[in-house]
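It should be emphasised that the depicted structure is a prediction, and the values quoted were computed from it without experimental measurement.
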There are 2 protein chains.
Amino acid sequence: MAGKIDSAGYEDILRAAGVRVTRPRRAILQIIETCEDHPDATEIYRRALKLDKSISLATVYRTMKVLEDKGAIHRHVFDNGPARFENAAHEHHDHLVDLDSGQLIEFHSDRIEALQEEIAARLGYSIERHRLVLYGRKLRK
Amino acid sequence: MAGKIDSAGYEDILRAAGVRVTRPRRAILQIIETCEDHPDATEIYRRALKLDKSISLATVYRTMKVLEDKGAIHRHVFDNGPARFENAAHEHHDHLVDLDSGQLIEFHSDRIEALQEEIAARLGYSIERHRLVLYGRKLRK
DNA sequence: TCATATTTGCAAACAGTTCTCATTTACATA
DNA sequence: TATGTAAATGAGAACTGTTTGCAAATATGA
């Protein structure tokens with residue numbers, strides 16, 4: 001039922017991060033744990049209001065930073081848009097942006113990952129993280 | 001000598017784009033044609049002031065948009081920083097960001113490009129453009 | 001229950017970028 | 001070479017996304 005905050009395992013992530021388990025944080029975590037898309041801060045705020053009607057946008061931003069620092073979420077910036085977030089628990093993937101619909105498609109390629117490592121090594125670097133985004137349009141068949 | 005605007009071929013790009021050749025545009029184009037780095041709008045503005053001391057930051061932004069629309073420059077956003085620009089005439093490459101120094105290293109891999117095409121095709125898409133950025137640190141040898 | 005350090009909501013501040021508008025300028029045509 | 005007009009400009013206000021300062025509220029350990 002919307003409006004109720006599920007107290008399930010979400011709290012563990014916060015406790016593991018060594019920060020206090022508060023009502024706003026539980027709401028935000030529940031959202032990013034269960035959502036299927038890549039919401040930005042305003043959208044998370046909108047959704048969180050249904051779970052905790054006194055939450056503020058500032059707290060959303062603060063919580064996203066905490067979660068990002070703890071490695072619990074990833075932050076993406078597509079083109080020049082607002083930052084968008086996703087659960088880091090999902091296995092690693094890159095993104096393809098449908099330029100017509102704006103839809104985000106996830107994909108993964110071990111071969112690309114391996115090539116990236118190879119290139120970085122050749123340049124004398126080790127990769128800490130990377131961002132690969134393809135911008136394209138549907139092929140008409 | 002700094003302060004003089006070289007009227008060489010830069011204008012062609014503007015004329016080819018079907019826009020008027022103005023003093024501020026000539027200054028900006030000369031900068032992005034000759035610079036070796038990836039300046040942001042404020043930095044381009046700073047440099048342009050030496051060539052045309054009445055130029056405004058708004059015009060820098062407007063010109064960057066015109067040039068981007070015409071395909072003459074590329075716009076990059078690294079992490080959450082300001083947009084940075086580079087001459088599209090350089091052959092295509094991706095970037096490696098040195099997380100310690102902030103240095104940008106350019107690289108290119110036909111194999112990665114080919115893999116990207118392959119993946120997009122498998123998903124039913126054709127790639128219009130892409131962004132690949134590696135964030136890493138120097139290996140100690 | 002209590003003490004206290006953390007977190008919060010709010011509003012103000014901030015950075016980067018875009019917009020409005022009156023003035024200036026490029027340049028096609030005469 | 002002069003001129004009319006649409007395009008471009010500079011200045012600053014406005015806007016979007018994000019961060020911060022602060023007093024009040026709250027989570028957690030004792």
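- Residues that satisfy the side chain to side chain donor-acceptor pair (under 3.5 Å) test with B/Thr59, not counting sequence neighbours, are B/Ser56.
- Distance, B/Asn80 CG to C/dA15 C1': 12 Å, rounded to whole Å.
- Straight-line distance from the CD atom of B/Glu43 to the P atom of C/dG16: 13 Å, rounded to whole Å.
- Evaluation of the side chain to side chain contact (heavy atoms under 4.5 Å, CB included) rule for B/Thr42 yields B/Asp40 as partners, not counting sequence neighbours.
- The terminal axes of the helix from C/dT1-D/dA30 to C/dA30-D/dT1, fitted over 5 pairs per end, subtend an angle of 30° to the nearest 10°.
- Under the side chain to side chain donor-acceptor pair (under 3.5 Å) criterion, A/Asn87 pairs with no residue at all, not counting sequence neighbours.
- When every heavy atom of A/Leu51 is checked against every heavy atom of A/Arg23, the shortest pair comes out as O-NH2, 3.2 Å.
- Across all strands, A/Ser54 comes closer than 4.0 Å only to sugar-phosphate atoms, never to a base (heavy-atom distances).
- Contact footprint of chain A on DNA chain D: nucleotides with an atom under 4.0 Å from a non-hydrogen protein atom, first to last in 5' to 3' order, D/dG17 to D/dT28.
- Scanning for side chain to side chain contact (heavy atoms under 4.5 Å, CB included) contacts around B/Ser54 gives B/Asp52, with sequence neighbours left out.
- When the side-chain nitrogen and oxygen atoms of B/Arg23 are compared with OP1 and OP2 of C/dT25, none of them lie within a distance under 4.0 Å.
- Looking at residues two or more places apart in sequence or on another chain, you find a side chain to side chain contact (heavy atoms under 4.5 Å, CB included) between A/Phe78 and A/His76, A/Arg84, A/His95, A/Val97, A/Leu104, A/Val133, A/Tyr135.
- Across the interface with DNA chain D, nearest-nucleotide mapping of A/Val21 and B/Val19 shows B/Val19 to be the residue nearer the 5′ end.
- Residues passing the side chain to side chain donor-acceptor pair (under 3.5 Å) test with A/Asp69: none are found, sequence neighbours excluded.
- Other residues sharing a hydrophobic cluster with A/Val77 under the 4.5 Å side-chain heavy-atom criterion for ILVMFWY residues do not exist; the residue is a singleton.
- Note on A/Arg15: only backbone sugar-phosphate atoms sit closer than 4.0 angstrom, heavy atoms only; bases stay farther off.
- Within residues 59-70 of chain A, the residues approaching DNA chain D are A/Tyr61, A/Arg62, A/Lys65, by heavy-atom distance under 4.0 Å.
- Every side chain to side chain contact (heavy atoms under 4.5 Å, CB included) that A/Ala88 has, sequence neighbours left out, goes to A/His74.
- Note: CG (A/Leu49) to P (C/dT8) measures 14 Å, nearest angstrom.
- Put simply, CG on B/Leu57 is 10 Å from P on C/dT18, counting in whole angstrom units.
- Among residues two or more places apart in sequence or in another chain, the side chain to side chain donor-acceptor pair (under 3.5 Å) test is passed with B/Arg47 by B/Asp37, B/Glu43.
- Between B/Gly18 and B/Tyr45, it is B/Gly18 whose nearest contact on DNA chain D lies nearer the 5' terminus.
- A centroid separation of 6.0 Å or more is found between the aromatic rings of A/His108 and A/His90.
- Nearer the 5' end of DNA chain C, as judged by each residue's closest nucleotide, is the contact made by A/Pro24, out of A/Pro24 and B/Gly81.
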